[in-house]
Structure formats: C-alpha cells, structure tokens
Participant: 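The structure is given below, and queries will be raised subsequently.
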Protein chains: 2
Amino acid sequence: MAKPAIELDSFDLAILAILQKDNATPQRLVGEAVNLSAPAVQRRIRRLEEAGVIAANVAIVDPARIGQAITIFVEVEVVSETAELLDVAKREFSAAPEVQQCYYVTGEADFILIVIVPTMADYEALTRRLFFSNNNVKKFRTFVAMDRVKVGLTVPLTPSGAA
Amino acid sequence: MAKPAIELDSFDLAILAILQKDNATPQRLVGEAVNLSAPAVQRRIRRLEEAGVIAANVAIVDPARIGQAITIFVEVEVVSETAELLDVAKREFSAAPEVQQCYYVTGEADFILIVIVPTMADYEALTRRLFFSNNNVKKFRTFVAMDRVKVGLTVPLTPSGAA
DNA sequence: ATCCCTCATGAAACAAACTTGCGCGCATAG
DNA sequence: CTATGCGCGCAAGTTTGTTTCATGAGGGAT
C-alpha cells in the first residue's frame, strides 16, 4: 500500500482542483494558474499519483447516451457481520461490472451499491446472482434513479493539514 | 444541447472502455488496441466529446488522502412532489459543494445524496442548512461510509443500438 | 559561524504526443 | 455504371510532456 498521508501544500490543492474538473488541461496552463513552471507541476502531479491522492485519470461517460442505462441504488442488509463474510461480500459485489460503486456503511443497511444496467431484466438477473444466491444477504431495498441531478466525484478541497 | 443519441459502433465502445479506465492512454496505444490509426481514434474521441457521450475528463481524487473526508449517504423524503418543489430541491442540493452526487429516485425515498465532508460537525451543519431549513423535507436517513469498497463511474459497455 | 547535504525550482533541450491536410477506398444513391 | 459522401491511413507540422542541468534556499553537524 501507499503511504497513508503525504503533505499537501496549497500548490497541490490548487492543482488538484483543476485536474478534478479537467485533467486534459495542459501543464503549461496549470502552471500559469498556480504560478509554477510546467516541470514543477509535472513533478507534483506524478507525486500525487504515486501517493494515491490521484487515484485515476478517467473519462466520464454519460450512461444515458450509451444504450438506455438505468442507475439503481441498492441497500443491502447482511445476516452476519463477521470479517470474513464481509470480505466475501465485498469481493463479490466488486467483481460485478454492473456495480459502479460499493460502500460499507453504518446505519440501517450494511452495504450501499450503485448499479448501472441496460434494462430492468438485467437488474433482476443481477439480484439473483448477487443477493438471492448469497445466504448472508438478509434483505435489500431498491431505488431506481429517475434523474441524475448531479453526478461527480469531485472532492471539496479542504486545506486541512497543509501549509 | 447535443443530440440525444448518436450511433456508436464497436470501435467507439472499445475506445470508451479504455478511456473510462485511463484517459491518459496515448492515442497510439488506443489505436493498437482497437486496430485503428491514431488519427482515427482522435476523431472518434472528439466526436464522442462533442456528442456528450464523454461528459468530462477528470482526475479521481481519493478523499481519504485529502484531510480526513467522510463519505455519507442520505436518503431524503419530501412532503410534496410537485414539479416546482422538486426543482427547488434539486437546485438546492446541487448547489452545495459537499454534495458530490444527487439522484431523484423511486421507492421509499425521493432523493439520494452522496456527501463528502471533512468532519461530522460539517455534516451536521449541512443538514441544518439543507434539510431542517427546508419545509418540504419530511425526513432523511443517514448512512456513514466506513469503507469505500469500490468507487467509479465506469459504465458497462452495452453494445445495444450499435453495429 | 561555516560548511555540506538535501531538496525543489526554473530554463532549455529533447522526445513524444496531438493535430491537420491530403489522397484513397468503400458504401450508397441516382 | 457513375457520382457523392464518409471514414480511413499516411505524413508533416505543431503543441505538449519529459528529462537534464545549474541555481538557490533550508537544515544539521562540526
């Protein structure tokens, strides 16, 4: 694993704020925006990537333009919360390509999944495969998204622990 | 607005699959992977961007490495589902920078929010601002994420509506 | 107090990638 | 059968990303 935390100064945060919105921004422009030279920006970006602060550089695809994808939320409740059973569930859920996001949470549910499927029939198939065939799944609740009001993974830049 | 849908062939889907994982992949490598020349890849990418299929190119930042961000799910139930009240809610929720994602859903809840905050105190402040001061919010349930098992916006590439 | 070591920066050179223009082949329509 | 439009590949030009190098600031030890 990478280091749990590295020092981030205001330059790093400014760079992250830009790349979070558009990582195709030329380093030259980034440098101008944060008052740093292009190579300096380059080194910082590499450091952030190696440290895991930048987890990935990806293109965001609009599901609505690809077939007619349906976004679904699932709250999953498990029977037993032993460490190994949780690991099993995490691995199974993560393995499904339809599962975009999976969180282990506190509260009335244990897992929250965000699923994208082309049709409801695909979702039904997924539930059979993921939930009904897993004895540790007590119950699950389904929420179908009618509107993606706001979608993003942009993290608010908190200057905590930085100079 | 862009066209609601454009034709996507297997080349486009293959390209999208790659860029969804890493949009820093050189077009030359993309071309090799899909058996196309670099300029052809380039033109297709541009078309996909203009059509809105590629909504954005962004760097994914791990919140855990930025301060100690907490991911929280909120199920919001509203009193009245008139169009204008929903619009108000959508706008208010979207305006909050802490709200990463907001969906309007069917089921036992009306909205599902994904929130990122540095501390629980910030979340409490957010609830006051967003929920308690909004008379149309009947109730809300909170789920705190203990583990981000899987995070992504990767859309499964469905060859529907393509050659 | 001085020296030395380490580290990050900026300027320039270098390499790689992106972008554009051109001609060709294929599919479709007339 | 011919004409037209679309998308491809090739090659050149341009921008961008990457490396190298010398300089200056900060820290610790003598």
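The sequence lines fix the lettering, A, B, ..., with proteins before strands; numbering per chain opens at 1.
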Participant: Could you state the CD1-P distance from B/I45 to C/dT20, rounded to the nearest angstrom?
Facilitator: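 It is 13 Å, rounded to the nearest whole Å.
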
Participant: Would you call the rings of B/F111 and B/Y104 parallel, tilted or perpendicular, where under 30° means parallel and over 60° means perpendicular?
Facilitator: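 Aromatic pair B/F111/B/Y104 classed tilted.
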
Participant: Whole angstrom is fine here: how far is it from CG in B/D9 over to C1' in D/dC6?
Facilitator: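 For the pair B/D9 CG and D/dC6 C1', the rounded distance is 13 Å.
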
Participant: Of all the nucleotides listed (C/dA8, D/dT16, C/dA17), which has the minimum atom distance to the side chain of A/R47?
Facilitator: C/dA8

Participant: Applying side chain to side chain contact (heavy atoms under 4.5 Å, CB included), run through A/V58 and B/Q20 and close with a yes or a no.
Facilitator: CA-CA 5 Å; A/V58 302; B/Q20 268 194 136; 5.8 Å; no

Participant: Which whole-number value in Å describes the distance from A/L8 CG to C/dA8 P?
Facilitator: 14 Å

Participant: Please round to the nearest 0.5 Å and tell me the distance separating atom CD of B/Q101 and atom CD1 of B/I116.
Facilitator: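 B/Q101 CD to B/I116 CD1: 8.5 Å, rounded to 0.5 Å.
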
Participant: Quick one: A/E32 CD to C/dA11 P, roughly how many Å, whole number?
Facilitator: 12 Å

Participant: Would you indicate, yes or no, if C/dA17 has its OP1 or OP2 atom less than 4.0 angstrom from a side-chain nitrogen or oxygen of B/Q27?
Facilitator: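 Checking C/dA17 against B/Q27, no side-chain N or O comes under 4.0 Å of OP1 or OP2.
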
Participant: Is A/R44 close enough to C/dA8 that one of its side-chain N or O atoms is under 4.0 Å from OP1 or OP2 there?
Facilitator: no

Participant: Parallel, tilted or perpendicular for B/F140 and B/F131, by the 30°/60° rule?
Facilitator: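 Answer is tilted, since the angle falls between 30° and 60°.
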
Participant: Measure the distance from CZ on A/F11 to P on C/dC7 and round it to the nearest whole Å.
Facilitator: 20 Å

Participant: OP1 or OP2 of D/dT18 less than 4.0 angstrom from a side-chain nitrogen or oxygen of A/R43, does that happen here?
Facilitator: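 Answer no for this pair, as no side-chain N or O of A/R43 is under 4.0 Å from OP1 or OP2.
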
Participant: Atom CG of B/L19 to atom P of C/dC18: distance rounded to whole Å?
Facilitator: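 These atoms are roughly 10 Å apart.
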
Participant: Would you tell me if any nitrogen or oxygen in the side chain of B/R46 comes within less than 4.0 Å of OP1 or OP2 on C/dT20?
Facilitator: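 For C/dT20, OP1 or OP2 has a side-chain N or O of B/R46 closer than 4.0 Å.
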
Participant: Under 4.0 Å, heavy atoms only, any strand: does A/P39 hit a base, just the sugar-phosphate, or nothing?
Facilitator: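 The residue A/P39 makes base contact.
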
Participant: If you check every side-chain atom of A/R28, which of C/dA17, D/dT18, D/dT16 has the closest atom?
Facilitator: D/dT16

Participant: To the nearest Å, give me how far apart CD (B/Q42) and C1' (D/dC8) are.
Facilitator: 14 Å

